[in-house]
Chemist: 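What follows is a structure written as structure tokens; I'll ask about it next.
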Protein chains: 2
Amino acid sequence: MPAVINPVASFSPLYAQIKALILARLQASEWLPGEAIPSEMELAARYLVSQGTVRKAIDELASESLLVRKQGKGTFVATHQREDWHYRFLRLAPDVGQQLLLKNHFLLCEIAKPNPRISQLLQLSAEEGLFRIERVQSFSGKPIVFEEIWLPVTRFEGLTLDALKSWPGLTYAFYESKYATHMVRAEEQIKATSLEASIACHLDLAIGSSVLSVERVAFTYGDQPVEVRRALYDTTEHHYENKLN
Amino acid sequence: MPAVINPVASFSPLYAQIKALILARLQASEWLPGEAIPSEMELAARYLVSQGTVRKAIDELASESLLVRKQGKGTFVATHQREDWHYRFLRLAPDVGQQLLLKNHFLLCEIAKPNPRISQLLQLSAEEGLFRIERVQSFSGKPIVFEEIWLPVTRFEGLTLDALKSWPGLTYAFYESKYATHMVRAEEQIKATSLEASIACHLDLAIGSSVLSVERVAFTYGDQPVEVRRALYDTTEHHYENKLN
DNA sequence: CAGTGGTCTAGACCACACT
DNA sequence: GTGTGGTCTAGACCACTGC
């Protein structure tokens with residue numbers, strides 16, 4: 001007889017309820033990125049279900065990359081602060097040669113002018129403040145990416161250009177470690193555009209060159225949008241890679 | 001005690017072996033797209049394993065979209081000849097408004113000039129013949145996509161422009177129904193380029209306009225490359241959509 | 001109703017990591 | 001060795017489909 005976790009509503013299967021309970025813990029930052037969660041046996045005992053049911057819940061969370069299983073060691077909360085996750089969301093690759101290692105150069109971090117489109121994407125009211133960050137990323141000296149990033153001031157209170165510049169790792173690892181915000185997934189919209197004069201200098205390209213415009217909305221636990229980026233890629237010697245399944 | 005399917009090599013788990021056996025059946029066209037495969041119980045009996053083991057094998061194949069499960073009905077071989085699969089590999093979406101319904105217009109179908117790059121992508125020797133197809137796709141009268149398609153002559157023997165033109169559905173459904181070739185996955189490389197004169201007329205755009213170049217290699221069962229496409233998208237009012245997980 | 005996939009359990013054993 | 005996740009089994013019952 002299954003233990004009824006939520007007897008009132010929901011005809012959802014038990015493992016889905018267990019999954020929701022685990023998700024709630026993650027969302028509440030009770031188990032932090034990089035840490036191990038309790039073993040399957042312990043969770044099964046805690047929630048009064050069988051190990052198999054916990055397993056199925058964890059399986060789904062692992063397939064969504066919220067958790068990472070490691071045989072013999074345990075199950076861990078996914079984190080961007082790891083080598084093998086550096087390219088989690090980066091789809092830019094060189095046409096020939098090895099995978100690239102981009103070098104970061106932050107240009108500015110300011111309070112953004114009100115921008116209804118960005119506010120809407122982040123599900124914020126027009127009054128709520130936004131940071132706006134600019135940066136350039138280069139590969140062996142050549143600038144490849146110009147990027148604008150918008151972040152809600154409320155979640156990223158006190159953010160400064162210096163803090164960004166002095167962080168050694170990835171931006172998403174920075175969010176995780178300084179603002180307890182783990183990015184789970186993202187959606188991108190890609191277009192081809194002509195390079196504007198104001199940006200051309202940053203990319204070392206002629207005005208009017210064709211560049212790839214990639215607009216990204218990134219989400220944390222619970223499908224909450226937290227960050228908007230608009231990047232311009234120089235694709236003369238690189239491309240955006242995508243797998244369709 | 002597990003039934004040892006392949007006692008010689010492979011320390012792979014039982015369900016992986018069952019998965020391979022099912023995959024081989026698909027690859028051999030023993031179970032055709034759209035058809036139901038035997039029930040879990042029947043497969044379990046046939047391979048002398050428990051239902052749970054068959055289930056895990058099918059689960060993986062379903063998550064790779066090779067099979068589709070339908071509760072109460074059975075498990076079916078995935079097919080492109082279905083309404084809900086029409087946009088399986090199409091990532092182009094209008095900036096505003098509903099999902100689009102593209103109209104096809106085939107321009108030509110010829111024996112291609114030798115092309116080492118395409119041959120290499122399709123893992124063919126330079127001598128093996130290739131078809132080359134051109135088409136334009138439009139949305140409410142406006143041309144949006146210009147596309148070149150390369151196919152190996154051996155697999156698509158007797159292909160003609162008329163056959164393509166008279167096919168009412170999707171190209172991948174055509175391959176499936178006329179050439180017993182089901183596309184399983186694809187890889188795309190995306191760049192921004194300037195529109196050439198020879199193609200500009202097809203897209204109703206000025207020479208030198210920025211357009212999205214999408215090069216796709218599509219694979220059938222067993223990771224065998226079968227088709228190369230190079231598409232140019234007019235992204236003034238559309239975009240390429242991508243989800244990062 | 002019978003047949004299908006979907007869920008849940010309990011228990012056994014394997015593979016791996018740490019100590 | 002102990003503890004973790006990974007595999008496999010056997011059997012029960014549920015949910016959905018179609019006759």
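Order of the sequence lines fixes the chain letters, A, B, ..., with proteins taken first and strands second; residue numbering starts at 1 for each chain. The model shown is predicted, which means the values in this text are computed figures rather than measured ones.
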Chemist: Which residue in the set A:Arg216, A:Arg230, A:Arg229 passes salt bridge (Lys or Arg N to Asp or Glu O under 4.0 Å) when paired with A:Glu188?
Modeler: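 Exactly one pass, corresponding to A:Arg216.
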Chemist: Between C1' on D:dG3 and CE on A:Met41, what's the gap in Å once rounded to a whole number?
Modeler: 10 Å
Chemist: Is any side-chain heavy atom of A:Val68 less than 4.5 Å from a side-chain heavy atom of A:Trp85?
Modeler: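 Side chain of A:Val68 against side chain of A:Trp85, heavy atoms only: contact under 4.5 Å found.
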Chemist: Round to the nearest Å and state the distance from A:Phe76 atom CZ to C:dC16 atom C1'.
Modeler: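 Between C1' of C:dC16 and CZ of A:Phe76: 13 Å.
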Chemist: When you get a sec, tell me which of C:dG5, D:dT7, D:dT9 is the closest nucleotide to the side chain of B:Val49?
Modeler: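 The answer is D:dT9.
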Chemist: State the pairing partner of C:dT19; accept Watson-Crick or G-U wobble contacts with both distances under 3.5 Å, and report none otherwise.
Modeler: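 Matched C:dT19 with nothing under the 3.5 Å cut-off.
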Chemist: If I take atom CG in residue A:Leu67 and atom P in nucleotide D:dG6, what distance separates them, rounded to the nearest angstrom?
Modeler: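 Answer to the nearest Å: 12 Å.
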Chemist: If I take atom CG in residue A:Leu48 and atom C1' in nucleotide C:dC8, what distance separates them, rounded to the nearest angstrom?
Modeler: 14 Å
Chemist: If you compare every side-chain N and O of B:Thr53 against the phosphate oxygens of D:dT9 (OP1, OP2), does one of them come in below 4.0 Å?
Modeler: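 Looking at the OP1 and OP2 atoms of D:dT9, one of them is under 4.0 Å from a side-chain N or O of B:Thr53.
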Chemist: Looking only at side-chain atoms of B:Leu14, point me to the closest of C:dG5, D:dC8, D:dT4.
Modeler: D:dC8
Chemist: Answer yes if the side chains of A:Tyr15 and A:Asp59 hold a donor-acceptor pair under 3.5 Å, and no otherwise.
Modeler: no
Chemist: Atom NZ of B:Lys56 to atom P of D:dG5: distance rounded to whole Å?
Modeler: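 Going from NZ in B:Lys56 over to P in D:dG5 covers 14 Å.
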Chemist: Measure from CD on B:Glu40 to P on D:dT9 and round the result to the nearest Å.
Modeler: 14 Å
Chemist: Considering only NZ, NE, NH1 and NH2 on the basic side and carboxylate oxygens on the acidic side, decide whether A:Glu241 and A:Lys243 come within less than 4.0 Å.
Modeler: no
Chemist: Within this structure, what is the CD-to-P distance between B:Gln51 and C:dT7, rounded to whole angstrom?
Modeler: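 Nearest whole value for this atom pair: 12 Å.
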Chemist: Under 4.0 Å: is that the gap between some side-chain N or O of B:Lys70 and OP1 or OP2 of C:dT4?
Modeler: no
Chemist: Tell me the interatomic distance from B:Ile58, atom CD1, to D:dC8, atom C1', rounded to whole angstroms.
Modeler: 16 Å
Chemist: State, without any angle test, whether B:Glu227 and B:Tyr172 hold a side-chain donor-acceptor pair at a distance under 3.5 Å.
Modeler: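 B:Glu227 vs B:Tyr172: donor-acceptor pair found between side chains.
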Chemist: Mapping A:Thr75 and B:Lys73 to their closest nucleotides on DNA chain D, which lands nearer the 5' end?
Modeler: A:Thr75
Chemist: Looking only at side-chain N and O atoms, does A:Arg55 come under 4.0 Å of OP1 or OP2 in D:dG6?
Modeler: yes
Chemist: Between A:Gln71 and A:Ser50, name the one whose nearest nucleotide on DNA chain C is closer to the 5' end.
Modeler: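 Upstream on the strand: A:Ser50.
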